[in-house]
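Since the structure is predicted, the reported quantities are computational estimates derived from the model, not experimental observations. The analysis underlying the following values was restricted to heavy atoms, covering all of them including side chains, and did not include hydrogens, waters or symmetry mates. Each chain gets a letter, A, B and so on, in the order its sequence line appears, and its residues count up from 1.
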Protein chains: 2
Amino acid sequence: MSKSGRITIRELARLAGVDKSIVSKVVNGVSAGQVSAVKQARIESLIQEHHYVPQNAARSLARRCNHQLAFLLTGPTQNSFANSAFSQILSGFAQQCRNLGYQCQVLSIESAELSAFLQPENLYRLGIDGCVLAGTNSELCPENLTAIRMPFLLLGWEYLRDVLPVISRDSSREYREMLDYGYSLGHRHIMYDSISPISQARFQKLAVHYPGVSVESCPADSQLDEFALAARQASAYAARPAGERPTLLWGSDHFCCSFATHLRQFGFSCPGDISIVSYSESWSAACYNPPLTTYSLDFRQWGSTAVEVILQIINGGLDLAASIELANHHIPRSIWQHRQSVCRLS
Amino acid sequence: MSKSGRITIRELARLAGVDKSIVSKVVNGVSAGQVSAVKQARIESLIQEHHYVPQNAARSLARRCNHQLAFLLTGPTQNSFANSAFSQILSGFAQQCRNLGYQCQVLSIESAELSAFLQPENLYRLGIDGCVLAGTNSELCPENLTAIRMPFLLLGWEYLRDVLPVISRDSSREYREMLDYGYSLGHRHIMYDSISPISQARFQKLAVHYPGVSVESCPADSQLDEFALAARQASAYAARPAGERPTLLWGSDHFCCSFATHLRQFGFSCPGDISIVSYSESWSAACYNPPLTTYSLDFRQWGSTAVEVILQIINGGLDLAASIELANHHIPRSIWQHRQSVCRLS
DNA sequence: GTGAAAGCGCTAACAC
DNA sequence: GTGTTAGCGCTTTCAC
């Protein structure tokens with residue numbers, strides 16, 4: 001019995017009257033044809049009897065790999081898991097880790113702290129084989145990430161797709177899908193909640209191809225969170241002359257719900273006055289009053305895919321170029337959930 | 001340089017011209033008065049220069065502790081993080097782990113699988129120093145948990161408070177608070193979303209002290225999730241004669257939102273026809289239409305407290321009795337958020 | 001103050 | 001098939 005109170009492989013070997021290495025083989029399932037059936041059976045029953053399980057630390061040390069992955073979440077606050085998109089991604093990630101025999105570590109990092117955190121020291125300290133980074137798009141410096149010689153994967157940060165391993169939707173494709181949808185229902189004045197200049201530009205650029213369509217985004221304000229931003233936009237909406245108001249909003253579930261709730265206080269209703277489509281599916285969107293139409297990724301799936309990809313990178317010993325290539329083979333697609341927050345304009 | 005590509009303490013010692021044990025002292029900050037200032041400085045600069053960080057696995061092996069905690073989440077599906085209460089608890093848990101120099105592992109376990117999972121083998125395999133279990137109250141067998149000789153803590157499972165280390169609200173106290181509130185606003189017919197017989201009984205028992213008050217709970221149905229249950233209750237509500245409908249609902253944010261949304265389809269509104277109080281605060285409740293009044297724990301705080309308590313149990317080497325005692329010193333209290341889903345009955 | 005040495009529990013190469 | 005052996009990288013006595 002070891003000092004930690006758990007039985008060790010050495011003890012087990014002694015009890016079975018064999019060498020540690022034999023036990024090791026049995027434990028690791030590489031005993032086929034290497035260990036006599038008799039001993040195999042004896043060892044196995046001993047393992048059962050003593051509830052033997054190898055000690056992680058010793059194993060990691062000897063194997064030089066930890067069988068642990070980290071899920072890094074970043075955002076303006078330490079509280080990004082309040083965003084159900086991310087907790088769903090984590091959910092899929094953790095589950096797939098377990099399926100594939102890996103352990104899942106979780107860290108939540110404020111955006112302000114992120115670049116300081118992304119140093120080799122900090123990542124090494126975790127004792128992980130690789131990591132996945134998700135979150136509301138904090139600024140990221142590609143050089144810092146590649147300097148860390150550790151397999152990693154980004155969930156989001158689409159614009160870094162060519163220089164880092166990124167799994168992200170194809171936003172141009174999806175913006176188009178969205179514009180097609182709104183256009184076909186007669187909407188010509190669309191509001192989009194993004195505060196990212198890159199997304200805004202991309203969206204504007206596509207909108208040009210839709211005759212008569214005008215698109216507007218939210219004026220950014222780093223002081224305000226999404227809810228406050230939505231509240232402000234709702235006031236602004238109410239203050240505008242009747243003909244100049246957007247008839248369709250595209251936003252996150254946070255933004256959409258907050259916007260609609262505030263709008264109602266000004267006497268406007270959804271979908272009567274404005275149609276709403278959320279690009280993030282959640283129970284909150286589905287149960288909102290009215291239930292929100294969404295066009296969203298499957299977040300759990302996204303997390304689950306992330307595990308598969310990072311493991312391929314790790315186990316394949318892929319270099320940066322190959323990792324990027326691999327990640328780009330996994331572009332997730334959004335799907336529609338039609339509910340009651342959208343109406344056709346006559 | 002070790003095979004893993006990272007510099008080792010041995011290398012560092014060689015470069016500094018000292019023994020490993022000296023470097024170890026410096027790394028671990030126990031060098032005060034034990035190491036000469038000169039060597040101390042030399043070693044420290046070497047550490048910086050080479051980005052040295054000790055390897056987790058080797059350290060854990062030698063120290064016989066892992067500096068890792070696990071957050072176990074259980075619920076009817078693998079998807080319990082969709083419930084923002086739990087993702088918030090995790091958020092606080094992960095953050096506090098980081099603050100206190102521990103790493104946080106996450107596992108999500110289906111209720112059906114839970115008792116099979118809670119075996120010593122499975123917990124040992126994680127290489128953790130202790131674990132915290134949260135989730136929608138799956139059945140738990142106290143004997144199984146105590147059989148695992150590992151520090152653990154339950155978040156919820158109030159009825160096990162006397163036999164296991166549990167951090168949970170004092171529901172009797174909070175039910176009373178809730179009944180006082182509803183009663184004072186003139187509500188006499190209250191619906192409570194719980195499907196747990198224990199909670200129902202406790203609630204009923206308290207309600208007796210409020211003259212004229214009748215309380216009803218949801219008929220349980222293990223096939224249905226909370227949303228479906230709420231939908232069913234909404235239909236049932238609508239089908240009842242006018243005078244017999246509850247005027248106040250107390251439920252989770254999931255249940256309340258779903259209920260209200262479905263009710264609206266029958267032409268009923270909140271708070272006009274029914275007042276709603278959620279016992280779980282979330283942005284979804286705050287942004288619902290109408291915004292929901294809540295009386296809820298601070299979930300992040302709960303998770304953060306859990307870390308502190310489990311670490312006291314671990315570091316203090318507390319036995320079961322002492323752990324229970326300690327946990328019971330930390331009874332979290334709910335707080336009110338008054339919003340627009342409640343009205344006074346004339 | 002410093003360093004030698006033993007050991008944590010396991011893996012894996014290799015010789016038998 | 002089986003056992004010997006040499007680590008993995010770090011901590012921690014204990015003698016000097």
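Listed by chain and number, the residues in a salt bridge (charged side-chain N to carboxylate O under 4.0 Å, His left out) with A:R161 are A:E158 (sequence neighbours excluded). In this structure A:E113 satisfies the salt bridge (charged side-chain N to carboxylate O under 4.0 Å, His left out) test together with B:R98, sequence neighbours excluded. The side chain to side chain donor-acceptor pair (under 3.5 Å) check on A:T74 picks up A:S138, with sequence neighbours excluded. For B:R14, the salt bridge (charged side-chain N to carboxylate O under 4.0 Å, His left out) partners at least two apart in sequence or on another chain are B:E11. By the ring-ring contact (aromatic ring centres under 6.0 Å, His included) test, A:F71 pairs with A:F93, sequence neighbours left out. Residues passing the side chain to side chain contact (heavy atoms under 4.5 Å, CB included) test with B:E308 are B:Q96, B:L100, B:S304, sequence neighbours excluded. Legend: residues meeting ring-ring contact (aromatic ring centres under 6.0 Å, His included) with A:Y102, ordered by chain and number and at least two apart, are A:H67.
Between A:K39 and D:dT2 there is a side-chain N or O to OP1 or OP2 distance below 4.0 Å.
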Which parts of nucleotides 10-16 of chain C does protein reach within less than 4.0 Å, heavy atoms only, written one letter per nucleotide 5' to 3' as B for base, S for sugar-phosphate only and - for none? BBB----

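A pairwise comparison of heavy atoms in B:D319 and B:A322 identifies OD1-N, 2.8 Å as the closest pair.
Atom CG in B:L12 sits about 12 Å away from atom P in D:dT11, given to the nearest Å. Nucleotide C:dC8 holds its P atom 18 Å from the CG atom of A:N56, rounded to whole Å. Between A:R42 atom CZ and D:dG1 atom P the separation is 15 Å, expressed in whole Å. Rounded to a whole Å, the CD atom of B:Q34 is 15 Å from the P atom of D:dC14. Rounding to whole angstrom units, NE2 of residue A:H67 and P of D:dC8 are separated by 20 Å.
In this structure, the helix from C:dG1-D:dC16 to C:dC16-D:dG1 shows an angle of 40° between the axis at its start and the axis at its end, each fitted on 5 base pairs and rounded to 10°.
Two residues, B:G17 and A:L61, neighbour DNA chain C, and the one matched to the more 5' nucleotide by heavy-atom proximity is B:G17.
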